[in-house]
Structures are given as structure tokens and as C-alpha cells.
Novice: 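Okay, handing you the structure first.
In each ligand, atom 1 is the first atom listed, and ligand 1 is the first ligand listed. Numbers for residues simply follow the sequence, beginning at 1. The basis for the numbers below is simple: all heavy atoms, side chains too, and nothing from hydrogens, waters or symmetry mates. Keep in mind it's a predicted model, so treat the numbers as computed, not measured.
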Amino acid sequence: MSPDERKAAGQALNVLKSEIETAITGRLEILKRGARAEKLAVERIDVTLPVDDDEGGHIHPISQTIEELVQIFAEMGFTLAEGPEIEGDFNNFTALNMPPDHPARQMHDTFYLSPAADGSARVLRTHTSPVQVRTMLSTKPPIRIIAPGRTYRSDYDMTHTPMFHQVEGLVIDEATHMGHLRGCLTEFCRAFFQVDDLPLRFRPSFFPFTEPSAEVDIGCSRKGGELKLGNYGDWLEILGCGMVHPKVLEMCGIDSTKYQGFAFGMGIERIAMLKYGIPDLRTFFESDLRWLRHYGFSFLDQPSLGLGLTR
Ligand code: DAH
């Protein structure tokens, strides 16, 4: 072609080229959309269909145990409280009578986070006790709450996982005393473990946020390497408790000359392991479906625990 012819033909070819390109992308888009629609139609799941329980989901023992706890304490007049897993240093430690230099802080293996916008320290809560603080700061007595939830400590071995669960209890009014604490926990343990005459032993102990403080053991037998709960003469520790320290009440804006009460804290994995015979803590968090099928609960077949056992 002559240079002039070449110019004209080149332009015409360019127009043609972009027309073809547009046609190809347009067609590709239509094909893609069609394929997606086809895939969606084929993989459609009708979520309203009933679940085949053999193949379907199971309730994790932790969820089940929390359900049971809540049910028992609700019947005793407790309401459910919750708090965030990321906590301020004040709520997790200081308000619980653990000032910055307190040695008890070291026992918590704390995960520290970057400070909040106002520069204050933040942590993953090391226990559910900060929910006590939040509740006292935001509500007036009488208070009667339980607070189950996730807690975190930097520790990992046979008996520790970096994330675990606790349940916290708090009762504040003008007359509640150690006798009520004892009665409440005895009632709970007997209902939860379903042993009517389960004995509880209150041993003097120390927590910065309670005075006096106690650790509670339940009766058991370890004969023949098998653990049985009941009145058999041997003891197993399951929780910490005490009368809320006046300093804690004051730091949470409650008049300690007028109000008093008790608190307790307990590991949920621990009581679940004891009740359901689960031998290894770490298996709770391995997401092994075979484990869940074995230790999990069918949602239609959950053991329900009305109290009424020992009232
Ligand atoms: N917060 C304690 C812990 O994580 C457990 C605890 C002990 C909670 C005594 C309480 C209490 O409320 O009174 O080790």
C-alpha cells in the first residue's frame, strides 16, 4: 500500500480491533455471569430444611456448660452480664485492688495490647472479674449477676490454653454475708454436678479483690485412678471466692459502709471436664469434628437442669 492508503487502512483496522475487543469482553462478562448463576443455582442451600442430626452440627461442651450454668443461676435470681474481651488496665487490675506494682499482676500472664487513643493501657482480659467492675460502675445495688465469657493468658500446656472461659458471680446488697456465699455455691455445685449430697469445703485463701477469700473444693474419690464426685473423703479444687473487698467497692463508686456482698470466679473448661469426663483441656479448641461428635450435644437432646433438686 502507498503511505496514504496505509494510513487510512490502519485507522479502519484500529476501529475494527476495538470493536472486536469490546465484543469479546462483553461476551466474556455474559459467560462469567451465566457461570456464576449456574453455580449458585446448583449449590443452593435451603436453610429452612430440617437438619439431619447424624450429619449436622453439635453443641460444643463449652456452650452447653454455659447454658447449664446460666439456667441454674437464673433460677436463683441472677441476671446475665457481659463485658468486652479487650479491657482497660483499670478494670482488669487496678479497680480489683491490684495497683500497677502489685505482685498478683505477675501471676496473670497478661497479653498486653497497644494503648488506647487516650494513652491508657489495654489488655486481653485475664479473668471475668472486670465485669464486676463494669457492673458496679454502671448499676446501683442490689446487684446479682453472673458473667460467663472468654479470658486470655499467655500460657500453653496440658492444663492451660491461651484462651479459656470463666464465669464470674457478683452479689451486692446491704445484708449478704459469707453464709449466703456458701449456700449459693453449694446449691449451684449440687445442681450442676447432679450430686444431691455433694460436700463443699471452703479453704481460707487470698485474692486481692476479696476479704476474706476462700477456695472451694468439692468432694471426690480418686480410687483406682477413676475420678468420682461425691461424699468420698477426698477433695478437688474448683473455684475462688470471697467477700468483695471494701476498696474494690469504693473504687467502683459503691459506699462500702452501707453495701457488701460476695464474688466468685470459676473455670468453665474445668467444670465441663469434671462433669462430662473430658480428659484433655487442649482438645476443646482443636476443632476436631470427631471429638465434637463424641463430646458435643445434639441441639434437640440437651440435658436440662431445672433446680428443684435441693430446694
Ligand atoms: N479472678 C480470679 C482468677 O481469675 C478468680 C476469682 C477468685 C474471682 C475469687 C472472684 C473471686 O470473683 O472472688 O483467678
Side-chain angles (χ1 to χ4, degrees), residues 69 73 76 78 80-85 87-99 102-111 123-137 141 143-155 159-173 176-186 188-189 200-218 237-249 251-252 254 256 259-271 281:
L69 287 169
F73 281 111
M76 291 197 244
F78 285 73
L80 195 63
E82 274 181 323
E85 290 164 36
E87 261 298 3
D89 183 88
F90 178 80
N91 288 354
N92 197 83
F93 292 120
T94 312
L96 292 162
N97 200 22
M98 284 183 269
H102 197 288
R105 282 190 176 214
Q106 275 163 20
M107 289 157 59
H108 279 240
D109 297 311
T110 311
F111 285 111
V123 300
L124 288 179
R125 68 177 178 191
T126 58
H127 49 179
T128 42
S129 303
V131 186
Q132 287 187 33
V133 176
R134 287 178 173 272
T135 307
M136 288 190 274
L137 285 171
I143 291 169
R144 198 183 276 202
I145 55 123
I146 54 156
R150 293 196 184 98
T151 48
Y152 300 84
R153 292 186 197 188
S154 179
D155 204 354
T159 53
H160 299 89
T161 49
M163 190 281 291
F164 56 104
H165 298 76
Q166 287 190 340
V167 58
E168 193 78 13
L170 176 71
V171 174
I172 303 289
D173 57 26
T176 290
H177 55 68
M178 200 87 185
H180 297 122
L181 168 62
R182 196 181 171 105
C184 171
L185 291 176
T186 303
F188 166 74
C189 289
L200 268 70
R201 182 171 76 172
F202 285 67
R203 260 183 305 106
S205 183
F206 176 82
F207 301 102
F209 31 91
T210 44
E211 179 57 39
S213 305
E215 278 175 314
V216 174
D217 303 331
I218 52 175
E237 186 202 319
I238 60 156
L239 63 92
C241 61
M243 299 303 292
V244 179
H245 199 295
K247 274 194 187 167
V248 174
L249 293 172
M251 269 185 284
C252 296
I254 290 183
S256 67
Y259 294 106
Q260 61 182 37
F262 64 74
F264 58 86
M266 158 166 64
I268 293 179
E269 282 79 6
R270 182 158 172 83
I271 61 169
L281 171 71

Novice: Which ligand 1 atoms, with their elements, are less than 4.0 angstrom from a heavy-atom of F264?
Specialist: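 Those atoms are 8 (C), 10 (C), 11 (C), 12 (O), 13 (O).
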Novice: Surrounding CD of E82 (heavy atoms of other residues, nucleotides or ligands, distance under 6.0 Å), is the total greater than 12?
Specialist: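 Count not over threshold, so no.
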Novice: What is the ring orientation for F264 with F73, classed by angle as parallel under 30°, tilted 30 to 60°, or perpendicular over 60°?
Specialist: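 Geometry flag for F73 against F264: parallel rings.
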Novice: Distance to 0.1 Å, residue and atom name: give those for the protein heavy atom nearest to atom 11 (C) of ligand 1.
Specialist: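 The answer is F209 CE1, 3.5 Å.
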Novice: Among residues at least two apart in sequence or on other chains, which ones pass salt bridge (charged side-chain N to carboxylate O under 4.0 Å, His left out) with E168?
Specialist: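 E168 satisfies salt bridge (charged side-chain N to carboxylate O under 4.0 Å, His left out) with no other residue.
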Novice: Of all the non-hydrogen atoms in the protein, which one sits nearest to atom 5 (C) of ligand 1, and at what distance?
Specialist: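 Heavy-atom neighbour on the protein nearest atom 5 (C) of ligand 1: G265 CA, 4.1 Å.
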Novice: Would you mind listing which atoms of ligand 1 come within a distance below 4.0 Å of any non-hydrogen atom of Q132?
Specialist: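 Heavy-atom distances to Q132 below 4.0 Å select 12 (O).
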Novice: Under 3.5 Å, is there a donor-acceptor pair between the side chain of R201 and the main chain of E237?
Specialist: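 No, because the side chain of R201 does not come within donor-acceptor range (under 3.5 Å) of the backbone of E237.
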Novice: Could you work out, for atom 3 (C) of ligand 1, the closest of R153, M243, E168 by heavy-atom distance?
Specialist: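 Heavy atom nearest to atom 3 (C) of ligand 1 belongs to R153.
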Novice: Main chain of N92, side chain of H127: is a donor-acceptor contact present, judged purely on distance under 3.5 Å?
Specialist: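 Checked: pair present.
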Novice: Counting only heavy atoms, tell me which of Q166, R125, M107 gets closest to atom 4 (O) of ligand 1.
Specialist: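 Answer by nearest heavy atom: Q166.
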Novice: Is the shortest distance from a heavy atom of F262 to ligand 1 less than 4.0 Å?
Specialist: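 Flag not set, F262 not near ligand 1.
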Novice: Would you find a donor on one side and an acceptor on the other, under 3.5 Å apart, between the side chain of H177 and the backbone of G179?
Specialist: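 Yes, H177 side chain to G179 backbone: donor-acceptor pair under 3.5 Å.
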Novice: Could an N or O of ligand 1 be found under 3.5 Å from any N or O of H108, whether backbone or side chain?
Specialist: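 N/O-N/O distance below 3.5 Å does not exist for this pair.
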Novice: Pull out every atom of ligand 1 sitting under 4.0 Å from any heavy atom of S129, numbered as shown with elements.
Specialist: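 Listed by number with element: 1 (N), 8 (C).
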Novice: Under 4.0 Å from ligand 1, counting heavy atoms only, is it the side chain of M266, its backbone, both or neither?
Specialist: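 The answer is neither; M266 stays 4.0 Å or more away.
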Novice: Check the pair V167 / I271 against side chain to side chain contact (heavy atoms under 4.5 Å, CB included), numbers first and verdict last.
Specialist: CA-CA 11 Å; V167 58; I271 61 169; 5.5 Å; no
Novice: Is the contact between A263 and ligand 1 made by the side chain, the backbone, both, or neither, using heavy atoms and a 4.0 Å cut-off?
Specialist: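 The answer is both.
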Novice: Answer yes or no: is there a donor N or O on one side and an acceptor on the other, between the side chain of R144 and the main chain of M76, under 3.5 Å?
Specialist: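 Yes, the answer is positive, given that a donor and an acceptor are paired below the 3.5 Å cut-off.
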Novice: Considering the heavy atoms of G242, write down every atom of ligand 1 situated less than 4.0 Å from one of them.
Specialist: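 Those of ligand 1 that fall under 4.0 Å from G242 are 13 (O).
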Novice: I need the atoms of ligand 1 closer than 4.0 Å to a non-hydrogen atom of T210, numbered in the order shown.
Specialist: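 Counting from 1, the qualifying ligand atoms are 13 (O).
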Novice: From H180 NE2 over to F262 CZ, what is the distance, rounded to the nearest 0.5 angstrom?
Specialist: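 Rounded to the nearest 0.5 Å, the NE2-CZ separation comes out at 8.5 Å.
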